[in-house]
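Chain identifiers are assigned alphabetically (A, B, ...) following the order of the sequence lines, protein sequences preceding nucleic acid strands; residue numbering begins at 1 within each chain.
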Protein chains: 2
Amino acid sequence: MSTRENLITQAALLLDKGGDAAVTLRAVAHAVGVSHNAPYRHFKDRNALLAAIAERDFRMLALAFEGTRLGDAEPIQRLKEALGLFIQYGRDYPARYRLLFSDPGIGAAGGSLEAAALKAFTAFAGLVEDAQSTGALPPTPTRELAGLIYATAHGLVDLQAGGRMREQKGLSAAEQGVALLLLLLGAS
Amino acid sequence: MSTRENLITQAALLLDKGGDAAVTLRAVAHAVGVSHNAPYRHFKDRNALLAAIAERDFRMLALAFEGTRLGDAEPIQRLKEALGLFIQYGRDYPARYRLLFSDPGIGAAGGSLEAAALKAFTAFAGLVEDAQSTGALPPTPTRELAGLIYATAHGLVDLQAGGRMREQKGLSAAEQGVALLLLLLGAS
DNA sequence: ACCTGAACACCGTTCAAGT
DNA sequence: ACCTGAACACCGTTCAAGT
C-alpha cells in the first residue's frame, strides 16, 4: 500500500477513534511512521486529506446502494434495506458520517469528491424509482422524492450522531423515523 | 452589559463572520477588550462559551415558535410559518445553526442547554398538534410526527448549510423540500 | 519524487500574581 | 470577584536541505 493510501487509512481510524479533533496531521503521520510534514507531499493541506477519506467512503456507499438495487426482494424492501445500511453506517462511524454529510469544508470541495457524492445519491434515487414503479411510493418526480427521503434520513442520522435523539423528541431511533416516513408516504 | 454577556455576543458575531474556527478565545477576548484568558473567569472552557451561544439561540427559537402558535392564521399555515422561520435562521446563520443542531460537543452538553433545546422542540410540537386537530396532518402520535418533521427540516437545512443542496439532488431549496413533505403528508 | 528537521505563527489552558 | 502576563504543550504550514 502506498504512503498516500496509508495516510488516508490511518486518518480514518483516528477519526473513528477520537473524532475530528483527533485527526491532526502530526498524529496521522506518526501512525504511518513518517515525519510530521510528510503528508504535504501527498495532500495540499489537512482538508484535502479529510476530503480523501470522504471520497473513499462515498464510493463505498455508492457500491453498497448499487448492490442493494440488484437484490431480488421487493423494490420497497430493497429501499428499506439501503436506508438501514445508511443508518447503520451513521451509527457505527458517527464522525466519519458527519465528515461526509455535514462538514462545511467537505461540502464545498467540488471535483472528484462531489462526483463521488453525486454517484451515491444517484444510486439511491434508483432505489426510490424502483419502489415508485410498483406503486409503493407516490408518483412525485423521482429526484424530488429521493431528495426528500435522503434529507430526512440524513436529518435523523445526524440528530442521532449528535446525541440529540432524546425519547422526548419521539425519535428513539433513526430506523423508527424512516419507517414512519415510508408508512405515511404510503408504503406498507 | 456584563463581561459575560459581551463574551457571548462577540463570540456569536465571530461565529457568523468566520465559522467555528474563527471563534478562538483569544479573538473573542480581544473583541471584548479583555486579556486573552479573562474568558476563563466566566466559562469553564471554549466549549462552555459555545454552549452559551447555543442556549441563547434555543431560547430565541422557542419564543419565536410560541409566538407563531398564537397567530390567527390556520394551524397548518402557522406550522409552515414556523418552518419558514427555522429555515431562514439556518440560511442566515449557517455556522450558528450547525452549532445548535449538529455540533457533537454541544449535543452532549446536557443541563440548561438541553432544557432550552427541549423547550424549543416542545413549542414546535404544539404547532404540529394544532395542525393535526384540523385534519391537515395525519393522526399519528404527535411526538413521533413532530420529530419526523423536525428531523426532515433539519436534514434539509443542514444539507443546505453544508453546501450540499445541488439541483441534481432535487433539493433546490429547503422550503421546497418541506412543502413537498407537508403535501405528501396530506396538507394542501 | 519523496522525505526530514528546524522554524513560525498560531491555539487552548494553567498558574502565580495583581486590584 | 475579576483581571493580567508569562509560560506550556500543542497545532498547521512553510522552507531549506537531504537521498
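A donor atom on one side chain and an acceptor atom on the other are found under 3.5 Å apart for B:Gln132 and B:Thr142. Between the side chains of B:Tyr89 and B:Asp57, a donor-acceptor pair is found at a separation under 3.5 Å.
Nearest to the side-chain atoms of A:Ser35 among the listed nucleotides C:dC3, D:dT13, C:dC11 stands C:dC3. Between C:dG5, D:dA7, D:dC3, one nucleotide has an atom nearer to the side chain of A:His36 than all others, and that is C:dG5. Taking the side chain of A:Arg26 as heavy atoms from C-beta on, and the options D:dT4, C:dG12, C:dA7, the nearest nucleotide is C:dA7.
Spacing of P atoms, D:dC2 relative to C:dA17, comes out at 22 Å, to the nearest Å.
Distance alone, capped at 3.5 Å, places no donor-acceptor pair between the A:Arg78 side chain and the A:Leu127 backbone.
One atom, CZ of A:Arg41, and another, P of D:dA16, lie 12 Å apart when rounded to the nearest Å. Taking atom CG on B:Leu25 and atom P on C:dT14, their separation rounds to 11 Å, with Å as the unit. Distance CG (A:Asn6) to P (C:dC2): 14 Å, rounded to an integer number of Å. For the pair B:Glu5 CD and D:dC2 P, the interatomic distance rounds to 14 Å; values are reported in whole Å. Distance CG (A:Leu7) to P (C:dC2): 12 Å, rounded to an integer number of Å. For the pair A:Lys44 NZ and D:dT13 C1', the interatomic distance rounds to 11 Å; values are reported in whole Å. C:dC3 atom P lies 13 Å from atom CZ of A:Arg4, rounded to whole Å. Going from atom CG of A:Asn37 over to atom P of D:dA17 covers 16 Å, rounded to whole Å.
Note on ring orientation: taking the six-membered ring where Trp is involved, the planes of B:Phe65 and B:Phe86 are tilted (angle from 30° to 60°).
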*Residues B:Arg98, B:Asp103; criterion salt bridge (charged side-chain N to carboxylate O under 4.0 Å, His left out); working and verdict*: CA-CA 6 Å; B:Arg98 288 176 41 74; B:Asp103 190 300; over 6 Å; no
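Summarising the base pairing, D:dG12 is matched to C:dC8 through a Watson-Crick or G-U wobble pair whose two defining distances lie under 3.5 Å. Nucleotide D:dA17: unpaired (no Watson-Crick or G-U wobble partner with both distances less than 3.5 Å).
Applying the 4.0 Å criterion to OP1 and OP2 of C:dC3, one finds that A:Thr3 has a side-chain N or O inside that range.
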